[in-house]
Amino acid sequence: MPEVIFSVDQSKSMREQDVPGHNRWHPDIPVVAMVRPGDEFRLETRDWTDAQIGNNDSADDVRDVDLTHAHMLSGPVGVHGAEPGDLLVVDILDIGPVPQQVGDAPGQGWGYTGIFARSNAGGFLTDWFPDAYKAVWDMHGQQATSRHLPGIRYTGITHPGLIGTAPSAELLARWNRREQALIDTDPDRVPPLGLPPTADNALAGTATGQDAQRICMEGARTVPGRENGGNQDIKNLTRGSRVFFPVYVPHAKLSAGDLHFSQGDGEITFCGAIEMGGFIDLHVDLIKGGMETYGITTNPVFMPGNVEPRYSEFLSFVGVSVDHDTDTNHYLDATLAYRRACLNAIAYFTKFGYSGEQAYLLLGSAPVEGRISGIVDIPNACCTLYVPTRIFDFDVRPTAQGPRTADRGRCAVTSG
């Protein structure tokens, strides 16, 4: 096993760890350990909310979760010799839930998927599902089942929802400036257009005193993906993946967290993955001057891992850029097309006895595949959503006999 250079006691919050992590992006967050190119090491992680969500049958915790805590990151890890302009090469060697533990923290044998309330970040389909719901999943080796979605069992693709390098001071200022400009276009929108810096519940790693206060005031929220990688939620960024991250600060300052046991393309409920704490094993190397050499300046590049479930039969749902609720055509709007594909899938699975909320939770967490299938045939973009048929323990294909309707239980709901 690689050396553990960031350890987590799952019975304690991230703030209470012997070496705390961080939940903001800032160039001045101190490194917690230094490694050299060619080194292999392990980071242990908390779940992204710092274990605000419980293994229970109520979604009150999802409704009331405080997102100013997000995301709990392990690191930063410094890499000897890394300089601005380099590419940091990161291999994901292994990843998984908390080893050999059963307990109250996500990742200790269980995880969860949440539909976030419209008033608290919402999700991709928040106009149709504005309230909070939850499904708790039990982990069985590589597979997951849920008492809240009976009749479903699937193999997950474990991956870090969030991994990236630290921004430079100039890049951080650009993030905050441009995102505030977006927010200012509709400052009272619910859910908001973006999340500006806030010191509320900010965690600055091992920084102390005035340095910590400044980091908390200036640090960018970790919610969106950006030039440094960050919260990109790429389900195929799993074991065997290699990522090339731009380096913006000395030593690169690599951090990771928000581990997922499984996720569908798009993580459409916002908390759509099976969220967990756990571990991630990494190997690092450097390509000196690689940003200019390869033209990688505003984005990471990655090679997907070769570990994924072998599903060969899918039901594929099509969506086009037409708002069918108002019968309005939009021009090559891929977001709308993917939204319609998801809604079409949800409508289909309700015919088998699932509630719309259960189907929504399924599409966020199962290894479904989302694709832009057509983006040139004006005026309608076409997106498709591929759902593996073998994740169900009954036949979901259309037949002359009609859908096999049954009592599918219910997901966790709020108390009122």
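Throughout, residue positions are numbered sequentially from 1 according to the sequence presented.
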Novice: So which heavy atom on Ala334 is nearest to which on Ile372, and how close?
Specialist: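 Closest pair (atom of Ala334, atom of Ile372, distance): CB-CD1, 4.2 Å.
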Novice: Go through Thr293 and Ile287 one step at a time and tell me if the side-chain contact (heavy atoms from CB on, under 4.5 Å) criterion holds.
Specialist: CA-CA 9 Å; Thr293 299; Ile287 298 177; 5.9 Å; no
Novice: Exactly one of Val79, Asp86, Leu87 should register a side-chain contact (heavy atoms from CB on, under 4.5 Å) with Val247. Which one does?
Specialist: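 Considering Val79, Asp86, Leu87, a side-chain contact (heavy atoms from CB on, under 4.5 Å) with Val247 is found only for Asp86.
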Novice: Would Ser316 and Thr384 count as a side-chain hydrogen bond (donor to acceptor under 3.5 Å, both in side chains) here? Give the steps.
Specialist: CA-CA 6 Å; Ser316 299; Thr384 45; over 6 Å; no
Novice: Do His140 and Gln143 pair up side chain to side chain, a donor and an acceptor below 3.5 Å, judged on atom types alone?
Specialist: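 Side chains of His140 and Gln143: no pair found under 3.5 Å.
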Novice: Please lay out, stage by stage, how Glu308 and Asn236 fare under the test side-chain hydrogen bond (donor to acceptor under 3.5 Å, both in side chains).
Specialist: CA-CA 8 Å; Glu308 62 181 354; Asn236 294 98; 3.1 Å; yes
Novice: Are a donor atom and an acceptor atom from the side chains of Asp233 and His159 found within less than 3.5 Å of each other?
Specialist: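 The answer is no; no qualifying pair exists.
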Novice: Has Phe394 got more than 12 heavy atoms of other residues, nucleotides or ligands less than 6.0 Å from its CZ?
Specialist: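 Counting neighbours around CZ of Phe394, more than 12 heavy atoms of other residues, nucleotides or ligands fall under 6.0 Å, so yes.
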Novice: Can you confirm if the aromatic rings of Phe317 and Tyr348 lie within a centre distance of less than 6.0 Å?
Specialist: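 Under 6.0 Å, so yes.
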Novice: Is a donor on one side and an acceptor on the other found under 3.5 Å between the side chain of Glu44 and the backbone of Val8?
Specialist: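 Such a contact is found between Glu44 side chain and Val8 backbone.
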Novice: May I ask you to decide if Ala381's main-chain N or O and Asp333's side chain share a donor-acceptor pair within less than 3.5 Å?
Specialist: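 Absent.
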Novice: Answer yes or no: is there a donor N or O on one side and an acceptor on the other, between the side chain of Gln10 and the main chain of Thr45, under 3.5 Å?
Specialist: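 Yes, the answer is positive, given that a donor and an acceptor are paired below the 3.5 Å cut-off.
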Novice: Is Gln180 atom CD crowded by more than 12 heavy atoms from other residues, nucleotides or ligands, each under 6.0 Å away?
Specialist: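 More than 12 within 6.0 Å, yes.
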Novice: Between His26 and Glu218, does any side-chain donor sit less than 3.5 Å from a side-chain acceptor?
Specialist: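 His26 vs Glu218: donor-acceptor pair found between side chains.
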Novice: Hey, are Arg340 and Asp325 close enough for a salt bridge, meaning a charged N less than 4.0 Å from a carboxylate O?
Specialist: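 Yes.
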Novice: Just by modelled atom types, is the Gly103 backbone N or O under 3.5 Å from a matching donor or acceptor in the Trp110 side chain?
Specialist: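 A pair under 3.5 Å: yes.
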Novice: State whether the number of non-hydrogen atoms from other residues, nucleotides or ligands found under 6.0 Å of His251 atom NE2 is greater than 12.
Specialist: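 No, the 6.0 Å shell around NE2 holds no more than 12 heavy atoms from other groups.
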Novice: Any salt bridge between Arg397 and Glu313, counting N to O under 4.0 Å?
Specialist: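 Salt bridge between Arg397 and Glu313, a charged N being under 4.0 Å from a carboxylate O: yes.
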Novice: Just do the ring pair (Phe, Tyr, Trp, His ring centres under 6.0 Å) check on Phe349 and Tyr360 with the steps written out, would you?
Specialist: CA-CA 10 Å; Phe349 291 121; Tyr360 189 16; over 10 Å; no
Novice: Please determine if Arg408 forms a cation-pi arrangement with Phe352, meaning its NZ or CZ atom is less than 6.0 Å from the six-membered ring centre and no more than 45° off the ring axis.
Specialist: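 Not satisfied by the 6.0 Å and 45° rule.
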Novice: Start with the C-alpha distance between Glu16 and Arg46, add both sets of side-chain angles, then the distance that settles salt bridge (Lys or Arg N to Asp or Glu O under 4.0 Å), and finish with yes or no.
Specialist: CA-CA 12 Å; Glu16 298 171 325; Arg46 289 279 277 175; over 6 Å; no
Novice: On a heavy-atom basis, which atom in Val32 and which in Gly75 lie closest, and how many Å separate them?
Specialist: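 Here Val32 and Gly75 meet closest at CG1-O, 3.5 Å.
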Novice: Kindly compute the distance separating CG (Leu361) from CD1 (Ile268), expressed to the nearest 0.5 Å.
Specialist: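 CD1 of Ile268 is found 9.0 Å from CG of Leu361.
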Novice: Tell me whether the NZ or CZ atom of Arg147 lies within the 45° cone about the ring axis of Tyr112 and under 6.0 Å from its centre.
Specialist: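 Arg147 over Tyr112 ring: no.
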Novice: Just by distance, do the side chain of Ser262 and the backbone of Ser365 share a donor-acceptor pair under 3.5 Å?
Specialist: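 Yes: the side chain of Ser262 pairs with the backbone of Ser365.
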Novice: Any side-chain heavy atom of Pro388 within less than 4.5 Å of one from Tyr386?
Specialist: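 Not in contact.
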Novice: Does either side chain, that of Gln17 or that of Asp9, offer a donor lying less than 3.5 Å from an acceptor on the other one?
Specialist: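 Checked: Gln17/Asp9 side chains show no N/O donor-acceptor pair below 3.5 Å.
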Novice: How about Met276 and Asp47: do any of their side-chain heavy atoms sit closer than 4.5 Å?
Specialist: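 The answer is no; the side chains never approach within 4.5 Å.
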Novice: Does one side chain, of Ser255 or His22, offer a donor that lies under 3.5 Å from an acceptor on the other?
Specialist: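 On atom types as modelled, these side chains qualify, holding a pair under 3.5 Å.
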Novice: Taking the ring centre of each residue, are Phe129 and Phe124 less than 6.0 Å apart?
Specialist: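 Here the rings of Phe124 and Phe129 have centres that are no less than 6.0 Å from each other.
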Novice: Please round to the nearest 0.5 Å and tell me the distance separating atom CG of Leu254 and atom CG of Leu88.
Specialist: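 Rounded to the nearest 0.5 Å, the CG-CG separation comes to 6.0 Å.
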Novice: What I'd like to find out is whether the side chain of Pro27 reaches to under 4.5 Å of the side chain of Leu172, using heavy atoms alone.
Specialist: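 They are in contact (side-chain heavy atoms under 4.5 Å apart), so the answer is yes.
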Novice: Does CD in Glu292 sit with more than 12 non-hydrogen atoms of other residues, nucleotides or ligands closer than 6.0 Å?
Specialist: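 Counting other residues, nucleotides and ligands, CD of Glu292 stays at 12 neighbours or fewer.
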Novice: Give the ring-plane orientation class for Phe116 versus Phe270, where under 30° counts as parallel, over 60° as perpendicular and anything between as tilted.
Specialist: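 Phe116 vs Phe270 ring planes: perpendicular.
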Novice: Grab the two heavy atoms, one from Val65 and one from Val62, that are nearest each other, plus how far apart they are.
Specialist: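 Heavy atoms of Val65 and Val62 come nearest at CG1-O, 3.3 Å.
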Novice: Do Ile29 and Lys253 touch side chain to side chain, with heavy atoms closer than 4.5 Å?
Specialist: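 No - every pair of side-chain heavy atoms lies 4.5 Å or more apart.
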Novice: For a salt bridge (Lys or Arg N to Asp or Glu O under 4.0 Å) check, start with the C-alpha distance between Asp61 and Lys134, then their side-chain angles and the critical distance, and finish with the verdict.
Specialist: CA-CA 9 Å; Asp61 47 11; Lys134 181 176 71 178; 3.0 Å; yes
Novice: Report yes or no: does Arg221 contribute a side-chain atom to a donor-acceptor pair with the main-chain N or O of Ala70 at less than 3.5 Å?
Specialist: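 Here the side-chain-to-backbone pair does not exist.
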Novice: May I ask you to test the Trp128-Ile346 pair for a side-chain heavy-atom distance under 4.5 Å?
Specialist: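 A side-chain contact is absent here, since even the closest heavy-atom pair is not under 4.5 Å.
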Novice: Mind checking whether Leu125 and Arg339 have side chains closer than 4.5 Å, heavy atoms only?
Specialist: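 Leu125 vs Arg339: side chains touch.
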Novice: Could you tell me whether a side-chain N or O of Asn231 sits under 3.5 Å from a main-chain N or O of Val223, the two making a donor and an acceptor?
Specialist: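 Side chain of Asn231 to backbone of Val223: a pair is present.
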Novice: Begin with the C-alpha distance, continue with both residues' side-chain angles, and end with the deciding distance and a verdict on side-chain hydrogen bond (donor to acceptor under 3.5 Å, both in side chains) for His148 and Asp57.
Specialist: CA-CA 8 Å; His148 297 127; Asp57 298 323; 2.9 Å; yes
Novice: Counting N and O atoms only, with roles assigned by atom type, does the side chain of Asn23 sit under 3.5 Å from a partner on the main chain of Leu203, one being a donor and the other an acceptor?
Specialist: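 Confirmed, Asn23 side chain pairs with Leu203 backbone.
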Novice: Between Thr113 and Trp137, does any side-chain donor sit less than 3.5 Å from a side-chain acceptor?
Specialist: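 A donor-acceptor contact under 3.5 Å links the two side chains.
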Novice: Considering all heavy atoms of both residues, which atom of Val35 and which atom of Phe41 are nearest to each other, and what is their separation?
Specialist: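 It is CG1-CD2, 3.8 Å.
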Novice: Between Asn228 and Pro167, is there a donor-acceptor pair closer than 3.5 Å when you use the side chain of the first and the backbone of the second?
Specialist: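 Side chain of Asn228 to backbone of Pro167, a donor-acceptor pair under 3.5 Å: no, none is there.
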Novice: Between Glu179 and Arg226, does any side-chain N to carboxylate O distance fall below 4.0 Å?
Specialist: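 Yes, charged N to carboxylate O under 4.0 Å.
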Novice: With rounding to the nearest 0.5 angstrom, report the CG to SG distance, Leu67 to Cys271.
Specialist: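 The distance works out to 9.0 Å.
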Novice: Given the ring of Tyr311, does Arg390 sit roughly above its face, with NZ or CZ under 6.0 Å from the centre of the six-membered ring and within 45° of the axis?
Specialist: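 No, Arg390 does not lie over the aromatic ring of Tyr311.
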Novice: Compare all side-chain heavy atoms of Ile115 with those of Glu357 and state whether any distance is below 4.5 angstrom.
Specialist: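 Sidechains of Glu357 and Ile115: in contact.
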Novice: Could you go through the side-chain contact (heavy atoms from CB on, under 4.5 Å) check for Val387 and Leu363 one step at a time?
Specialist: CA-CA 8 Å; Val387 180; Leu363 297 183; 4.0 Å; yes
Novice: Hey, are Asp265 and Lys235 close enough for a salt bridge, meaning a charged N less than 4.0 Å from a carboxylate O?
Specialist: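 A salt bridge is present here (some side-chain N lies under 4.0 Å from a carboxylate O).
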Novice: Do the side-chain N and O atoms of Asp104 and Gln108 include a donor-acceptor pair separated by under 3.5 angstrom?
Specialist: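 Distance-only check fails for Asp104 and Gln108.
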Novice: Establish, from distance only, whether the side-chain atoms of Asn201 and Thr68 form a donor-acceptor pair under 3.5 Å.
Specialist: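 Side-chain D/A pair, Asn201 to Thr68: present.
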Novice: Short question: side chain of Thr206, backbone of Val31 - any donor-acceptor pair under 3.5 Å?
Specialist: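 Not a single qualifying donor-acceptor pair exists.
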Novice: I'd like to know if Arg118 pairs up with Asp127 as an ion pair, taking the criterion as any Lys NZ or Arg NE/NH1/NH2 lying under 4.0 Å from an Asp or Glu carboxylate oxygen.
Specialist: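 Salt bridge between Arg118 and Asp127, a charged N being under 4.0 Å from a carboxylate O: yes.
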